[in-house]
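Just so you know, ligand 1 is whichever comes first in the structure, and atom 1 is the first atom listed for that ligand.
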Amino acid sequence: MKRIVVLLSGRGSNLRALVEADLPLTIAAVIANRPDAAGLAFAAQHGIASQVVEHTTYASREAFDAALGDAIEAQRADLVVMAGFMRLLTPGFIRRFAGRMVNIHPALLPAFTGLDTHRRALERGCRVHGCTVHYVTEGMDEGPIIAQATVPVLPDDDEDTLAARVLAEEHRLYPAVLRAWCAGDFGLEGDAVAWRGGRTWPGAAHYPAC
Ligand code: GRF
């Protein structure tokens, strides 16, 4: 069975969605950069090994990333799954896990990289918003897109209602992508995602009832 390591910094609702999806993979460990990350408690409750690599205890970004990379490699993970990991990673770290690291971002990339995506989508008058799972490359939120899910932006939305609608889609999209990855349905070919065996991405644009 393939092995993943999940990296997180906080709430851990995407971790919960992955666990509840009962995927044909092993979550070898959850690694957090903050000891108070709620996702660690969830991991403990579900018998998943966890580890804290606390960024504040390292003298430099490079030193932190080296320790984090060593912790990941000790788990012999096939894939590093970032799920709300709120640290910028050094180019060296990203090269170390090139093609073996994915992230979920709460916007339809390439729009709204970075933070505050829901507020910015509202401010720009977007009528459609969503989330993206992508490979991680050196440019922040710029890696090859694996799959996306969309939601409507409703006239009376505020940041919280829109965030909740997107998060519900994240919780469907990330497990669907990892299920496809387990089946070998896609991979990186050069700088692009290639779908194999007639498969296509599992989140074809949809507008769920809301
Ligand atoms: C999600 O919105 C994800 O898209 C972003 O960080 C948030 C993590 O939420 N990268 P959670 O910790 O999984 O609840």
Side-chain angles (χ1 to χ4, degrees), residues 4-23 25 27 29-46 48 50-55 68 72 79-89 93-94 97 101-122 126 128-151 153 157-179 181 201-203 208 210:
I4 67 169
V5 163
V6 177
L7 301 186
L8 54 76
S9 300
R11 181 174 57 180
S13 71
N14 277 286
L15 169 68
R16 180 184 310 122
L18 295 178
V19 169
E20 289 176 352
D22 197 19
L23 299 167
L25 53 74
I27 301 178
V30 170
I31 302 180
N33 64 315
R34 300 174 54 104
D36 59 350
L40 291 170
F42 178 84
Q45 284 158 14
H46 289 77
I48 301 168
S50 66
Q51 193 175 340
V52 179
V53 183
E54 205 173 345
H55 63 274
L68 179 64
I72 294 168
L79 192 70
V80 181
V81 175
M82 293 175 62
F85 188 69
M86 302 301 287
R87 291 289 297 169
L88 286 178
L89 298 162
F93 179 92
I94 290 169
F97 294 99
M101 183 157 55
V102 296
N103 180 46
I104 189 159
H105 181 75
L108 294 173
L109 293 173
F112 307 123
T113 60
L115 299 175
D116 299 324
T117 55
H118 310 305
R119 180 176 56 72
R120 290 156 62 206
L122 286 169
C126 292
V128 176
H129 187 41
C131 52
T132 302
V133 177
H134 63 96
Y135 280 102
V136 177
T137 55
E138 286 187 33
M140 186 182 61
D141 302 325
E142 287 179 1
I145 290 170
I146 301 167
Q148 293 180 308
T150 56
V151 301
V153 180
D157 266 336
D158 60 25
E159 218 176 316
D160 292 338
T161 58
L162 185 55
R165 193 174 306 121
V166 171
L167 191 64
E169 288 307 302
E170 294 185 35
H171 295 164
R172 290 158 44 131
L173 187 65
Y174 223 176
V177 166
L178 288 188
R179 197 176 291 284
W181 171 76
W201 60 278
C210 51

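- Under a 3.5 Å cut-off, the side chain of R165 and the backbone N or O of V153 do not form any donor-acceptor pair.
- Between A83 and N14, the closest heavy-atom pair is CB-CB, 4.0 Å.
- For R16 and F42, the positive end sits near the middle of the six-membered ring, less than 6.0 Å away and at most 45° from its axis.
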Check ligand 1 for N or O atoms under 3.5 Å from a protein N or O and list each pair with its distance.
residue	atom	partner	partner atom	Å
ligand 1	2 (O)	E170	OE1	3.3
ligand 1	2 (O)	E170	OE2	3.0
ligand 1	4 (O)	I104	O	3.4
ligand 1	4 (O)	E170	OE1	2.7
ligand 1	4 (O)	E170	OE2	3.2
ligand 1	9 (O)	R11	NH2	3.1
ligand 1	10 (N)	I104	O	2.9
ligand 1	12 (O)	G12	N	2.8
ligand 1	13 (O)	S13	N	3.3
ligand 1	13 (O)	N14	N	2.8
ligand 1	13 (O)	N14	ND2	2.9
ligand 1	14 (O)	R11	NE	2.5
ligand 1	14 (O)	R11	NH2	3.2
ligand 1	14 (O)	S13	N	2.8
ligand 1	14 (O)	S13	OG	2.5

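- Between W181 and I4 there is a side-chain heavy-atom pair separated by less than 4.5 Å.
- Side-chain polar atoms of T117 and H105 form no donor-acceptor pair below 3.5 angstrom.
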In residues 132-140, what donor-acceptor pairs under 3.5 Å come from side-chain atoms, sequence neighbours left out?
residue	atom	partner	partner atom	Å
T132	OG1	A107	O	2.7
T132	OG1	L109	N	3.0
T132	OG1	Q148	NE2	2.9
H134	NE2	N103	ND2	3.2
T137	OG1	G143	N	3.4
E138	OE2	R95	NH1	3.1

